[in-house]
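Both counts, for ligands and for their atoms, begin at 1 and track the order of listing.
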Amino acid sequence: MSSTGHDANPVPALARRSAALKGRVRVPGDKSVSHRSLIFGALTVGETRISGLLEGEDVLNTAKACAALGATVERLGEGEWRVEGVGVGGLRQPEGVLDFGNAGTGSRLMMGVVAGNPITATFDGDASLRRRPMRRILDPLEKMGVQVVDAAEGGRLPLTLKGPKDLVPITYESPVASAQIKSAVLLAGLGAPGETTVIEKEASRDHTERMLTHFGAQVTVEPYGAHGRKVTLKGRPELKPAPIRVPADPSSAAFPLVAALIVPGSDVVIEGVMTNPLRTGLFITLKEMGADIVFENERVEGGESVADIRVRASTLKGVDVPAERAPSMIDEYPVLAVAASFAVGKTRMNGLSELRVKESDRLAAVADGLSAAGVSYSIEGDDLIVEGTGSVPGGGAVATHMDHRIAMSFLVMGLAADNPLKVDDISFIATSFPSFLPQMRGLGAVIEDEAVAA
Ligand code: S3P
């Protein structure tokens, strides 16, 4: 079992109806950008300085994996890190198992990295990660010549990969819009001669393309169909170090943001949030629901657009969320379901099949949480329909299934529910948002942990 697993020590917590939330907050650095800054830094020749790195467990596991593969990774201060890279193709054979804990992104991207080097590495993680599908990564990597030496049933973790001496560049049409699949193939493609291309019918987050370009690789991005993209990378570049400033994570900002919308009288500013258009589906949806959300002080920092987001408590109405918006808000559906519960009317979220393979089966986990809180909903195929009535009874206990976003979403719900809401385990919040509790309490949220709620 993973050294970072929390399975043995669940920490319950209870959220109570709170007075108006007020104040300014800066949530931690973006998780996707943080993983990539360490991994890409490890593939440059020279020193990359990173500021604002998310120091959550998922990212720290990626840092350890980079070190195990030969890079020098050093923490200089809060959020300040330096990575001394070994260059594309320069990784060394790791001695032990690479343990990614709860992290899908770290493990899947690193599979692409290992593929591009003639080394053998074993990947493992906690019980949640061991359940998640890895075939979607192994399939394209095998086409490129990678050998799956060993894997658990269905190609799951723990698994061992062997990178070939000569990797074959491919053109891969991804069956799902997944930045992790796209990134794994492109990272492998760094080690292949010629051009590696990934086609996606729906565009997924583009941090890999942006950062590869930032580090000097040649990447071309063309539109593909109505919503898709074709991304082509020229293999075997020499990546050059460049400083990275990690913007605040919009997926973490979503929690104080929805909390401020549903707790009457709230007025909160969330500072420096990344507003990359491939990540802002939640903000668009909430605005359609009538949310008072204003982007202030919009600017570009480290190649990404950011803004201070001012949010005031709002009366929300139910909306229809189109399936093609899913990639730009894939991690935000649990907290959108919370907002929808406080809205008046029906919110239909279309095309959520990918939610079934996240840190938990999030469709099932959200549905169970809504039941526990007394919210009416239905599931039709891959669509979730929440019947909002403007208020939530609360009073139940929610199972979080080793999933940080389920824990944070239902704690947020409890802040405005008629009765307190309990969640069974908040320990996984440390994977992505270690400062969640103190920062939410700083805004006025009443969340009692462990001793009180047990
Ligand atoms: C991520 C991609 C998404 C997202 C995850 C982070 C990334 O996963 O859910 O939290 O950093 O590439 P998929 O690629 O499975 O959609």
* Structure fact -> Nearest heavy-atom approach of Glu304 to Pro247 is CB-CG, 4.2 Å
* Which segment of Arg36 sits under 4.0 Å of ligand 1 when only heavy atoms are counted -> side chain
* Quick one: look up the protein heavy atom nearest atom 6 (C) of ligand 1 and list residue, atom name and how far away it is. => Thr105 OG1, 3.3 Å
* Structure fact -> Taking only non-hydrogen atoms of Asp331 and a 4.0 Å limit, the atoms of ligand 1 in range are 4 (C), 5 (C), 9 (O), 10 (O)
* Is atom NZ of Lys230 surrounded by more than 12 heavy atoms (other residues, nucleotides or ligands) closer than 6.0 Å? -> no
* Asked: Listed by chain and number, what are the salt bridge (Lys or Arg N to Asp or Glu O under 4.0 Å) partners of Arg82, not counting sequence neighbours?
  -> Glu47, Glu74, Glu84
* Asked: Nearest heavy-atom pair of Ile181 and Ser174: which atoms, and what distance?
  -> CG2-OG, 3.7 Å
* What part of Arg205, side chain from CB on, backbone N/CA/C/O, both or neither, has a heavy atom under 4.0 Å from ligand 1? -> side chain
* Structure fact -> Closest to atom 11 (O) of ligand 1 among protein heavy atoms sits Ser32 OG, 2.7 Å
* Asked: In the protein, which heavy atom is nearest to atom 14 (O) of ligand 1, and how far is it?
  -> Ser178 OG, 2.6 Å
* Is it true that Asp99 and Lys64 have a side-chain N and a carboxylate O under 4.0 angstrom from each other? -> no
* Asked: Less than 3.5 Å between some nitrogen or oxygen of Ser183 and one of ligand 1, yes or no?
  -> no
* Of the listed options (Lys358, Glu332, Arg132), which comes nearest to atom 16 (O) of ligand 1 when hydrogens are ignored and any heavy atom counts? -> Lys358
* **Side-chain donor-acceptor contact under 3.5 Å, Ser432 with His404** => yes
* ligand 1 N/O within reach of Glu354 N/O, cut-off under 3.5 Å -> no
* Asked: If we only count heavy atoms from C-beta on, is the Asn102 to Asn61 side-chain gap below 4.5 Å?
  -> no
* **Test ring pair (Phe, Tyr, Trp, His ring centres under 6.0 Å) applied to Phe295 - qualifying residues, sequence neighbours left out** => Phe283
* To do: Could you list which atoms of ligand 1 come closer than 4.0 Å to a heavy atom of Ala179?
  => 12 (O), 14 (O)
* Asked: What do you reckon, does Ile330 have a nitrogen or oxygen under 3.5 Å from a nitrogen or oxygen of ligand 1?
  -> no
